[in-house]
Number of protein chains: 2
Amino acid sequence: MNIGDVSKRAGLPPKTIRYYEDIGLVTPLRDPNGYRSFRGSDMHKLAFLSRARALGFTIEDCRNLLALWDDKDRASADVQAIAKEHLTQIESKIADLQDIRKTLTHLVKECAGDDRPDCPILQTLENISKQ
Amino acid sequence: MNIGDVSKRAGLPPKTIRYYEDIGLVTPLRDPNGYRSFRGSDMHKLAFLSRARALGFTIEDCRNLLALWDDKDRASADVQAIAKEHLTQIESKIADLQDIRKTLTHLVKECAGDDRPDCPILQTLENISKQ
DNA sequence: GATAGAGGTTCCAGCAGGTGGAAGGTCAAG
DNA sequence: CTTGACCTTCCACCTGCTGGAACCTCTATC
């Protein structure tokens, strides 16, 4: 399979796939014309990567997950540990964003949003003490 | 004021402040010895930036907010528009992360997390159809 | 006056995770 | 035999800093 086909099937841009090859996540063969030639296993890996990335795993996490995936003697605890750690980070990000949302919602509501210059949003950024 | 003082007061690392000067967000004077010399207004801008960044505004948003802040004839609607747009993006990010959290929580729960190799996390990444 | 240490300066490189574009090779259809 | 879609490489750029090297400057102490 050429990169275009794999791209469509895995849902990853060709550029991204080349990048993944660059950083050693996948190693397709080469046709005599120099084109990358992806085997079924490469395709599988890329689909795996696509999903793992969509779940927000870092590239390094993905590298580790792929290694565990390849290792038929893995302990599921190792996989779970990566996922748990990631979940913790997701949760902390959500909490941060919710804080921001709260503040922002409040500010947007306070602001008249007309053609007058006085604006509680700017006032708050000027001096957060007002909360 | 030297960069160290400003750094402490604004809660921004010196490196960040130099970077903000680089990209034209702030333009401190210079002492004869070459040291940056921050006026009260510079200090204010940096504190403003620190807060706006903490609320997740992009640097470009910050640039625009600073311009509006400087413009005493601004319409508060312009400020509000930036904040609203940002809020929308925050909300969409929260929604994305909540989706991810849901999937991840489910996966972590499903996985035995022991020394056996079978792992629903890997299975799902292999074939998302299982959801 | 020497020296140590805590500031300050510049510049260059690198992080994550790609993306855009230029310059060129290749293939299938008409 | 040309057109257009694909492929290749390489290099630069994005966001928002951060680390480090090499060097200058100020203040305090001996």
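Predicted, not measured: the structure shown is a model, and the values here were computed from it. In the text below, chain A, chain B and the rest are named by the order of the sequence lines, each starting its count at 1.
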Using atom OH of A/Y35 as one end and atom P of D/dT9 as the other, report the distance to the nearest whole Å.
11 Å
Quick one: pull up CG in A/N2 and CG in A/D31 and give me the separation to the nearest 0.5 Å.
6.5 Å
In whole Å, I'd like the distance from the CG atom of B/L46 to the C1' atom of D/dG16.
15 Å
Nucleotide C/dT19, atom P - distance to CD of A/E21 in whole Å:
16 Å
For A/Y20, report the nucleic acid contact type (base, sugar-phosphate, nothing); a contact means any heavy atom under 4.0 Å.
sugar-phosphate
Ignoring hydrogens and geometry beyond distance, is a side-chain donor-acceptor pair present between A/D118 and B/S76 at under 3.5 Å?
no
So which atom in B/R53 and which in B/C62 form the shortest heavy-atom distance, rounded to 0.1 Å?
CD-SG, 3.8 Å
Pick base, sugar-phosphate or nothing for A/R18, based on heavy-atom distances below 4.0 Å to the nucleic acid.
base
Side chain to side chain, B/M1 and B/R39, heavy atoms closer than 4.5 Å:
no
Tell me, which of residues 8-17 of chain B have any heavy atom that sits under 4.0 Å from an atom in DNA chain D?
B/P13, B/K15, B/T16
Given C/dA16, is OP1 or OP2 found less than 4.0 Å from the side-chain N or O atoms of A/R63?
no
In whole Å, what is the span from the CZ atom of A/R36 to the P atom of D/dC7?
10 Å
Which nucleotide in C/dT9, C/dG17, D/dT9 has an atom nearest any side-chain atom of B/I3
C/dT9
Which atom names give the shortest non-hydrogen contact between B/R63 and B/I23, and what distance separates them?
NH1-O, 3.0 Å
Hey, does B/I23 reach any base, or is it just sugar-phosphate, or nothing, if we go heavy atoms under 4.0 Å?
nothing
Enter the distance from B/I17:CD1 to B/I3:CD1 here, rounded to the nearest 0.5 Å.
5.0 Å
Whole angstroms only, please: what is the CZ-P distance between A/F57 and C/dG18?
15 Å
Separation of atom CD in A/E60 from atom P in C/dG18, rounded to whole Å
12 Å
Compare the minimum distances between each of D/dC17, D/dC26, C/dG17 and the side chain of B/N33, then state the nucleotide with the smallest one.
D/dC26
Nearest heavy-atom neighbours spanning A/P117 and B/K72
CB-O, 3.3 Å
Atom OH of A/Y19 to atom P of C/dG20: distance rounded to whole Å?
15 Å
Would you say A/R30 places a side-chain N or O within less than 4.0 Å of OP1 or OP2 belonging to D/dT9?
yes
Using a cut-off of strictly less than 4.0 Å, decide whether A/R53 has a side-chain nitrogen or oxygen near OP1 or OP2 of C/dG17.
yes
Could you tell me the separation between the CG atom of A/D22 and the P atom of D/dT9, rounded to a whole number of Å?
9 Å
